[in-house]
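As the structure lists them, so they are numbered: ligands from 1, and atoms in each ligand from 1. No hydrogens, no waters, no symmetry mates; every other heavy atom, side chains included, goes into these values.
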Amino acid sequence: MTLSEKDQLYNWHPYTQHKTVGLLPTIVKGEGALLWDDQGKEYIDAIASWWVNPFGHSNKTIANAIYSQLTTLEHVLFGGFTHNKAVELSEKLLTLLPSNQKKIFYSDNGSTAVEVGLKATLQYFYNKGEKRTKVIAFENAFHGDTFGAMAASGITFYTEAFQGSMLEVTRIPVPNVGNETKSLEVLETLVASERYAAFIFEPLVQGAAGMVMYAPEVLDQMMALCQKHQVFTIADEVMTGFGKTGKTFASDYLTHKPDIICLSKALTGGTIPMAVTTFTQEVYDGFYNEDINKALFHGHTFTANPTGCAAALASIQLLELPEMQLNISRINAHHLAFATKMQSHPKVKTTRVLGVIFALEILTIEAESYYGTMRNKLYAFFIENGVILRPVGNIVYILPPYVITNTQLEKVYSIVEAAVEMI
Ligand SMILES: Cc1ncc(COP(=O)(O)O)c(C=O)c1O
C-alpha cells in the first residue's frame with residue numbers, strides 16, 4: 001500500500017468530503033516556498049500552508065531554536081510556573097504590538113486565541129455585575145472552528161449545523177467600497193441601543209471569505225463608536241499578523257487601537273501550534289481581584305509551551321531582518337503589477353492587493369458556492385500544475401511565503417492566468 005492509500009484508510013482530513021475526494025498527495029519534504037511529494041513532484045506553496053509560513057519550509061534558524069529549546073526545557077506547565085522563553089516572548093511582542101497592549105495570554109491556535117478574547121470580554125462584564133452577553137461581528141467573517149469562534153463567524157458553510165447551540169452574535173455588513181455608510185449606521189444603531197460586550201473583526205482583510213478588503217478609515221470610525229459605548233474591540237489578526245498587510249499588524253494602519261488582539265499562524269513561522277491573545281491593562285484589571293472566582297478561567301495543557309515560545313522568538317527575529325521587509329515590498333510590487341494586468345482581462349471581475357495578499361475574482365453569471373464546481377475545477381488545475389492555491393468559490397488568492405523567489409512568483413501568476421483562460 002502507498003502512503004496515500006494508508007492515509008485514506010486511517011485519516012480524516014479537515015473540511016474534506018472523503019466520498020468525493022480521491023487519494024491525497026503525500027508531502028515528504030519542504031524548503032523555502034517549495035514542497036515535494038513522494039513521487040518527486042514539486043509544488044509552489046503559494047498560500048504558505050494556510051498562511052502560517054512566511055520564512056520558508058524547514059527554516060534552519062527556527063529549527064535550531066526549537067532543537068536548542070527541546071534539549072534545555074521542552075515543556076513546563078504554565079499554571080503556577082513561568083519560564084524564560086515566555087517572559088522573553090511576551091516582552092518582545094509588547095514592543096511590536098500597539099502600545100495600549102499590556103498583557104499576553106497564551107493558547108494553541110487561532111480559534112482558541114479568539115475564544116480567549118471573547119470569553120474575557122464576557123467575563124469582564126460578568127465580574128462587574130453588568131449584563132452584557134452579546135457580541136457584534138461582520139457578515140462572512142471567519143474566526144475559527146471552536147464554538148465561540150464559530151458563533152462569531154458568518155460563513156454559514158462552516159457553521160450551519162451548529163446554529164442554535166451558540167453565543168448570541170449580531171452580524172453587520174462589511175464596510176467594503178460602497179457599503180461604508182450602511183455598515184457604520186448599522187453599528188451605530190446597535191451600540192447605542194443595546195449593551196454589547198464586544199465587536200470582533202478581521203482588520204482590513206477577511207481571509208477565509210476570499211481576502212475581502214476594506215479601508216482602515218472606516219474601521220477606525222467603527223472602533224471609535226465602540227469605544228464611545230464601552231464595547232470592547234477585538235482585532236482577530238490571526239491571518240493578518242506579522243507583516244501580511246505590509247505593516248507588522250493590520251492594527252498599525254489604525255488610529256484607534258483595539259482592546260484585544262488575537263495572533264497565531266505566522267507567530268511560530270509555521271512550526272509549532274501556538275497563539276496569543278493580548279489585552280489592555282483595562283481588560284486585565286477587570287479580573288485583578290482577591291476573589292478567585294474573578295480570575296480568567298481558561299487554560300490549555302500546552303499554554304506557553306517553551307518550545308513554541310522559542311520558535312516564535314526565532315520567527316520574530318527573521319521577520320525583523322531588513323531583507324524580510326524588502327521581500328514583503330518586493331512581493332507587493334509584483335502583486336500590484338499582476339493585478340493591473342489582470343484587471344482588464346474580460347473574464348476578471350476585480351482584483352485587490354494589500355501587502356503580500358493578492359486576490360482576483362473571476363466573472364461569473366451566478367454566485368459560486370464556497371466549495372462549488374468552479375472552485376473544485378480551479379483547485380484541481382492548480383495542483384496538477386504544481387501550485388498550491390485554494391480558491392474560495394470564484395476567488396483565487398495568493399498569499400506566499402515572504403521568501404518566495406521572483407521566478408516562483410511569476411510561475412504562480414502564469415498558472416493563475418492560465419486558469420482564468422481555462423475556466
Ligand atoms: C482570522 C482567523 N481567525 C481565526 C482562525 C482560526 O485559526 P485556527 O485554524 O488556527 O484555529 C483563522 C483560520 O484561518 C483565521 O483566518
Side-chain angles (χ1 to χ4, degrees), residues 13-16 45-54 105-121 135-155 157-159 162 166-167 169 171 174 198-214 219 233-245 249-251 258 260-278 298 300 302-303 305 308 311-312 315 354-357 359 370-371 388-392 395 397-399:
H13 287 256
Y15 313 123
T16 303
D45 186 355
I47 53 164
S49 279
W50 268 339
W51 326 331
V52 298
N53 193 307
F105 191 98
Y106 287 91
S107 67
D108 305 345
N109 57 68
S111 305
T112 56
V114 166
E115 212 70 32
V116 171
L118 290 171
K119 282 177 73 174
T121 60
V135 168
I136 301 170
F138 279 135
E139 285 166 2
N140 282 328
F142 184 77
H143 296 289
D145 289 339
T146 53
F147 268 83
M150 259 203 304
S153 298
I155 303 176
F157 203 91
Y158 290 94
T159 59
F162 312 99
M166 291 194 285
L167 171 74
V169 174
R171 234 162 278 293
V174 183
F199 167 42
I200 182 164
F201 50 88
E202 295 158 89
L204 311 190
V205 190
Q206 291 189 301
M211 303 298 157
V212 170
M213 297 180 189
Y214 59 95
L219 182 57
T233 52
I234 308 178
D236 176 355
E237 295 234 24
V238 166
M239 187 282 282
T240 51
F242 302 104
K244 307 253 180 59
T245 63
F249 301 108
S251 299
I260 298 170
I261 299 179
C262 308
L263 301 168
S264 185
K265 292 202 183 271
L267 172 64
T268 57
T271 56
I272 301 210
M274 178 168 239
V276 295
T277 312
T278 75
H298 191 103
H300 298 280
F302 282 96
T303 293
N305 169 254
S315 298
L354 184 68
V356 301
I357 306 167
Y370 207 85
Y371 282 100
I388 301 179
L389 287 170
R390 285 177 66 93
V392 173
I395 303 171
Y397 73 84
I398 306 170
L399 203 169

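Thr277 contributes no side-chain N or O that, together with a main-chain N or O of Cys262, makes up a donor-acceptor pair within less than 3.5 Å. At distances below 3.5 Å, not a single donor-acceptor pair connects side-chain atoms of Thr245 with backbone N or O atoms of Thr240. Here the side chain of Glu237 pairs no donor or acceptor atom with the backbone of Leu263 at under 3.5 angstrom.
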Provide, line by line, the atom pairs where ligand 1 and the protein bring an N/O atom each to a distance under 3.5 Å; else say none.
from: ligand 1; atom 1: 3 (N); to: Asp236; atom 2: OD1; distance (Å): 3.2
from: ligand 1; atom 1: 3 (N); to: Asp236; atom 2: OD2; distance (Å): 2.6
from: ligand 1; atom 1: 10 (O); to: Gly110; atom 2: N; distance (Å): 2.9
from: ligand 1; atom 1: 11 (O); to: Asn109; atom 2: OD1; distance (Å): 3.3
from: ligand 1; atom 1: 11 (O); to: Ser111; atom 2: N; distance (Å): 2.9
from: ligand 1; atom 1: 11 (O); to: Ser111; atom 2: OG; distance (Å): 2.5
from: ligand 1; atom 1: 14 (O); to: Lys265; atom 2: NZ; distance (Å): 3.1

Do any side-chain atoms of residues 138-145 form donor-acceptor pairs under 3.5 angstrom with protein atoms, and if so which ones, sequence neighbours left out?
from: His143; atom 1: ND1; to: Asp236; atom 2: OD2; distance (Å): 2.7
from: Asp145; atom 1: OD2; to: Tyr15; atom 2: OH; distance (Å): 2.5

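For the residue pair Asn53/Ser49, the side-chain donor-acceptor check at 3.5 Å is not satisfied.
Ring geometry for Phe201 versus Phe199: interplanar angle of 30 to 60°, hence tilted.
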